[in-house]
Amino acid sequence: QPALALAELLSNQGRLEDAAQTLKDFIAHQEKDDYISALDVEYALECLISVLNKLGRSHEAEPLMRKLNLLQSNDL
């Protein structure tokens, strides 16, 4: 997915706020469009959690961790 590649590039450049917004937009778009695979959403959530933790915003990452755990438990 191009959005995921862009978010990774932004993160690697230290542009964490931009990476976080790109990932949030991607995840929000997925919730409206079943075309995006669940695995891509799980990966995007993992990346977003990591970026938010790097930004010191673990309080924002916590609900995303719960969402990710729920998605992964449904994969089993």
Side-chain angles (χ1 to χ4, degrees):
Q1 293 286 347
L4 298 179
L6 175 60
E8 185 173 351
L9 176 66
L10 292 168
S11 181
N12 289 341
Q13 292 177 340
R15 297 172 57 189
L16 298 177
E17 289 290 348
D18 293 332
Q21 190 59 54
T22 300
L23 291 163
K24 287 178 183 179
D25 292 346
F26 176 82
I27 292 165
H29 180 71
Q30 183 278 336
E31 291 172 352
K32 299 175 188 171
D33 184 356
D34 288 337
Y35 178 73
I36 299 171
S37 79
L39 289 177
D40 285 337
V41 174
E42 288 177 23
Y43 179 72
L45 282 168
E46 289 172 359
C47 293
L48 181 54
I49 289 165
S50 175
V51 167
L52 290 172
N53 284 325
K54 288 177 186 175
L55 288 167
R57 293 167 29 194
S58 58
H59 62 283
E60 290 181 48
E62 186 63 35
L64 298 173
M65 284 189 244
R66 287 192 295 274
K67 182 176 181 174
L68 177 60
N69 289 337
L70 182 61
L71 287 171
Q72 290 174 336
S73 67
N74 288 337
D75 288 347
L76 300 178

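- Contact check for Leu16 versus Ser11: side-chain heavy atoms found under the 4.5 Å cut-off.
- One hydrophobic cluster holds both Leu4 and Val41 under the rule that ILVMFWY side chains link at heavy-atom gaps under 4.5 Å.
- At a threshold of 4.5 Å between side-chain heavy atoms, the hydrophobic network of Ile, Leu, Val, Met, Phe, Trp and Tyr places Ile49 and Phe26 in one connected group.
- With sequence neighbours excluded, the residues satisfying salt bridge (Lys or Arg N to Asp or Glu O under 4.0 Å) with Lys67 are Glu31.
- Taking 4.5 Å as the limit, every side-chain heavy atom of Leu64 sits out of range of all side-chain heavy atoms of Ile27.
- A 4.5 Å side-chain heavy-atom check between Glu42 and Ser37 finds every atom pair outside the cut-off.
- Contacts classified as salt bridge (Lys or Arg N to Asp or Glu O under 4.0 Å) and involving residues 7-18 (residues at least two apart or in different chains) are given here: Arg15-Asp18, Glu17-Arg57.
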With side chain to side chain contact (heavy atoms under 4.5 Å, CB included) as the test, would you mind laying out the steps for Gln1 and Gln30 before giving the verdict? CA-CA 12 Å; Gln1 293 286 347; Gln30 183 278 336; over 6 Å; no

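- Listed by first and then second residue, the side chain to side chain donor-acceptor pair (under 3.5 Å) pairs that reach into residues 43-52 are Glu46-Gln72, sequence neighbours excluded.
- In terms of heavy-atom proximity, Thr22 sits nearest to Ala3 at CG2-O, 3.5 Å.
- Atom CG of residue Leu52 and atom OG of residue Ser58 lie 9.0 Å apart, to the nearest 0.5 angstrom.
- The hydrophobic cluster containing Leu48 does not contain Leu9, counting ILVMFWY residues as joined when their side-chain heavy atoms lie under 4.5 angstrom apart, directly or transitively.
- Remark: Met65 CE to Asn69 CG distance equals 8.5 Å, nearest 0.5 Å.
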